[in-house]
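Everything below concerns the one structure shown next.
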Number of protein chains: 2
Amino acid sequence: MSKPEVTTTKLDDAARAGWLYYVAGNTQDEIAAKLGISRQSAQRMVSLAVSEGLVKVTLDHPIARCLDLAARLKERFGLKMAEVVPTDPGSNSTTLGVAEAAAAEMTRWLKSEAPIVLGIGTGRTLKAAIEQLSPIECPQHKVVSLTGNISPDGSAAYYNVIFNIADKIKARSFPMPLPVIASSPEERELLHAQAMIRPVLELSARANVAFLGIGDLGDEAPLFLDGFISRDELVALQRIGAVFEIIGRAFDRNGVPIVGLTNDRVASAQIPSRETATVIATAMGSRKTPGIAAAIKGNLINGLITDEHTAEMLLSGK
Amino acid sequence: MSKPEVTTTKLDDAARAGWLYYVAGNTQDEIAAKLGISRQSAQRMVSLAVSEGLVKVTLDHPIARCLDLAARLKERFGLKMAEVVPTDPGSNSTTLGVAEAAAAEMTRWLKSEAPIVLGIGTGRTLKAAIEQLSPIECPQHKVVSLTGNISPDGSAAYYNVIFNIADKIKARSFPMPLPVIASSPEERELLHAQAMIRPVLELSARANVAFLGIGDLGDEAPLFLDGFISRDELVALQRIGAVFEIIGRAFDRNGVPIVGLTNDRVASAQIPSRETATVIATAMGSRKTPGIAAAIKGNLINGLITDEHTAEMLLSGK
DNA sequence: CCGTTGTGTGAGTATTTGCCCAACAGACAA
DNA sequence: TTGTCTGTTGGGCAAATACTCACACAACGG
C-alpha cells in the first residue's frame with residue numbers, strides 16, 4: 001500500500017509543481033518555497049512532469065502557411081483530411097510535430113460517443129504519436145492492429161503500438177498474434193485461417209479510421225533495419241521498383257502493389273477501404289516523400305499528416 | 001490588403017517561433033538563427049505567442065487530491081459536476097486555474113454535434129475563462145446572455161462577456177440590450193416586454209448549460225465596484241442579510257432570494273432550471289466561499305468549478 | 001517642416017533555469 | 001558490521017531567458 005501511494009504522490013507532486021510552473025506562472029524558486037522543498041527539487045519535479053508527458057503544450061494559432069498547404073494538399077489530391085505542421089529547419093527528426101498532430105487527430109476521433117473501430121499500423125512515427133496521446137477512457141471503441149506483432153526472433157515487435165494505445169485509451173484491443181511476414185504464402189494462409197485471427201481481419205475491414213506509417217525502402221528501410229526482411233529481399237524489392245511499404249506491404253512509385261516477393265507472404269490485414277474509412281498516413285521527411293506521393297497516387301490513403309517541407313515537395317510535383 | 005497580411009504574418013511568425021520553442025524544443029538562439037532574426041526578437045516572438053494565448057499548456061495528470069475533493073463535493077452536495085483545480089498558495093488571484101478549467105469545460109460542451117443553448121453570466125472569472133477559450137467553430141450552438149449588457153453610464157458593461165465568447169466560437173449570440181438593474185420595477189417589466197428581449201428571455205429558459213459567476217456582497221462587492229448599485233443599496237442589501245449575487249440578483253446565506261430592494265429591479269433572466277440544465281458556477285476564494293455554499297444550499301446551481309482551498313472550506317462546513 | 005507618437009531593434013544586465021557533481025540515506029548482501 | 005548499490009538532495013556554475021533602456025524609423029498631425 002505504501003509503495004503505490006508513494007508513486008502516485010510523487011507524480012501528483014510533479015503535476016502540482018508543473019501546474020504551479022506552467023499554469024500559475026511561478027518561478028521554480030517560488031514553487032520551492034511554497035512546497036517547502038529546495039529549488040533543485042522543484043526543478044526536478046517540473047522536469048519530471050514534462051518528461052512523464054503530464055504537460056502538454058499546444059499552439060492553437062492556425063499558421064497561415066500550414067493551413068494553406070493543407071488546403072492545397074486536400075484540393076490537389078482529393079484527400080478527406082490533411083494536416084501540415086511547421087518544419088523545424090535544423091532538425092532531422094522524422095516524427096517531430098507529426099506525432100503531436102497525429103495524437104491530436106486521434107483524440108478527435110476518440111472523443112466520439114458513437115463506437116468506432118480504429119485501425120492502427122506500425123512504425124516509429126505512430127509509436128511517437130501514441131506516446132503523445134493523453135489517456136482518455138473510451139471503452140466504447142475498438143482498436144485493431146493491421147499488422148502482426150511478432151518479430152522474426154519471436155519477441156513482440158517493438159514498433160507495434162497496439163498495446164500502447166489500448167492501454168492509454170482503455171479500449172478493447174485486437175492485436176494480431178502473427179509474424180509481420182510469414183515464411184511462405186502457405187503459412188500466411190494457414191495463419192489467417194486461424195480462429196483467433198479471422199475476427200481480427202474482419203474487424204480491420206470495418207475500421208472507421210486508420211492511422212498508418214509509411215516506410216521507405218531505401219538502404220535504411222525500417223522493414224530491413226528491424227529485421228523483418230533480409231538485405232537480399234530488400235534489394236530484390238528495390239530492383240523490381242518498390243519505393244515504400246505500408247504495414248509491411250511493398251508498393252511501386254505509382255502506389256501499385258509489388259507482385260510476388262515478400263508481398264506474397266505479408267501477413268498484415270488489407271488497408272481499410274478508402275470508400276468507407278478515413279485512412280490517414282502520418283509521415284514526413286524527404287526519404288518518405290516519394291512513398292507518400294506514390295501512396296496518394298495509388299489511392300491507398302485519403303488522409304495525410306505531414307510537415308511543411310514535405311507538403312511542399314509533394315505539391316511541387318517533385 | 002497589405003495591412004491585414006502584415007498582422008497575420010506577425011502572429012504567424014509568433015506561432016512559428018512558439019512552435020519551434022515549445023514543440024520542437026529549440027532554444028531561442030536556435031530559433032533566431034533559423035528564422036534569421038536576433039535572439040531578442042526571437043524571445044519577443046515567443047513571449048508574444050504566449051501573451052496572445054497562442055500557447056496552451058495543459059496538465060493531464062489527475063491530481064489525486066483534486067479529484068478526491070471534486071468527488072466529495074459532488075457526493076455531499078448532490079452536484080451534477082464538480083471540478084477542483086490546485087490552489088497556488090501565494091497568489092491571491094480569484095481566477096487563476098478556474099478560468100482555464102472553465103474554458104476546458106465549455107469546450108467539452110461546445111464540442112457537441114447536437115445544437116446546444118449555452119447561457120452565460122457575467123463577471124471577472126467568466127471574462128478570464130473566455131480569454132482562455134480556444135476559438136472553435138460551432139455555428140450549431142446558441143449563446144445567450146443571462147444579464148443585461150449596459151452599464152449605468154450607458155456604455156457596454158465591461159465584464160459582460162457574451163460578445164467575446166460569441167466571437168471566439170462563431171456561434172449565434174443573443175445579448176440582452178438592457179441595463180443590469182433597471183431604475184424601477186415598472187421599467188423592468190416594460191423592458192422585458194420588448195419584442196427584442198422576449199425571445200432572449202425565452203431562449204435563456206431553454207439553456208442546456210449555463211456558466212455563472214458568483215459575486216460577493218461585501219464592501220468590495222463587484223456589483224458595487226462596477227457601479228451597478230450604489231453604496232446605500234449595497235449596505236441595505238447587507239443589512240437584510242444578502243451574502244452574494246448571481247447575475248445581479250441577491251441571495252441570503254441560505255440561497256433564498258432577497259425580497260425587495262434591488263432584486264425588484266434586476267433585469268436579468270432567471271437562472272436556468274436545475275432540472276433541465278447544468279448550471280455551473282465558477283468561483284473561488286475565501287470571499288466567495290459563503291456565497292458558493294449558500295448557492296449550493298439554495299439549489300441555485302448544480303455544477304461547480306473551484307479550487308482546492310475553496311473546496312476544502314465548503315466541505316469543512318465552515 | 002518639425003515635433004510627437006508608436007513600433008520595432010539591439011545592447012546590456014539581472015534573473016531564472018538546466019545540469020553536473022559530491023554528499024548522503026536506505027536497501028541489501030556478504 | 002561493512003561494503004556496495006541505488007536513488008535522492010542541494011551547491012555551484014554555465015547557459016538560457018526576461019527585462020530595461022536607448023535609439024532608429026515611419027506615420028501622423030500641426
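Throughout, protein chains are lettered first and strands after them, A, B, ... in sequence-line order, and every chain is numbered starting at 1.
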Between [X] ([atom1]) and [N] ([atom2]), how many Å, whole number?
| X | N | atom1 | atom2 | value |
| --- | --- | --- | --- | --- |
| A:N26 | D:dA18 | CG | P | 15 Å |
| A:L20 | C:dT17 | CG | P | 12 Å |
| B:Y22 | D:dT17 | OH | C1' | 10 Å |
| A:E30 | C:dT15 | CD | P | 13 Å |
| B:D29 | C:dA11 | CG | P | 13 Å |

Under 4.0 Å: is that the gap between some side-chain N or O of [X] and OP1 or OP2 of [N]?
| X | N | answer |
| --- | --- | --- |
| A:Q28 | C:dT16 | no |
| B:Q43 | D:dA18 | yes |
| A:Y21 | C:dT16 | no |

Please examine the side chains of [Y] and [X], heavy atoms only from C-beta on, and report whether any two atoms are closer than 4.5 Å.
| X | Y | answer |
| --- | --- | --- |
| A:V161 | A:K168 | no |
| A:E308 | B:R16 | yes |
| B:I305 | B:T125 | no |

Intra- and inter-strand pairing of DNA chain D, written as dot-bracket with Watson-Crick and G-U pairs under 3.5 Å and | for the latter, reads ||||||||||||||||||||||||||||||
Does CZ belonging to B:R172 count more than 12 external heavy atoms closer than 6.0 Å?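 No, CZ of B:R172 has 12 or fewer neighbouring heavy atoms, counting only those of other groups under 6.0 Å.
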For the pair [X] (side chain) and [Y] (backbone), establish whether a donor and an acceptor sit closer than 3.5 Å, ignoring hydrogens and angles.
| X | Y | value |
| --- | --- | --- |
| B:N26 | B:L20 | yes |
| B:Q28 | B:A42 | no |
| B:Q132 | B:A129 | no |

Pairing of A:R72 and A:E75 as salt bridge, 4.0 angstrom limit: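 No salt bridge links A:R72 with A:E75.
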Pairwise distance CZ(A:F211) to CD1(A:I165) - rounded to 0.5 angstrom: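 Nearest 0.5 Å value for the CZ-CD1 distance: 8.0 Å.
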Within the sub-3.5 Å range, which N or O atoms of nucleotides 8-14 of chain D have a protein N or O partner, and how far apart are they?
residue, atom, partner, partner atom, Å
D:dG10, OP2, A:S38, OG, 2.5
D:dG10, OP2, A:S41, OG, 3.0
D:dG10, N7, A:R44, NH2, 2.7
D:dG11, N7, A:Q40, NE2, 2.6

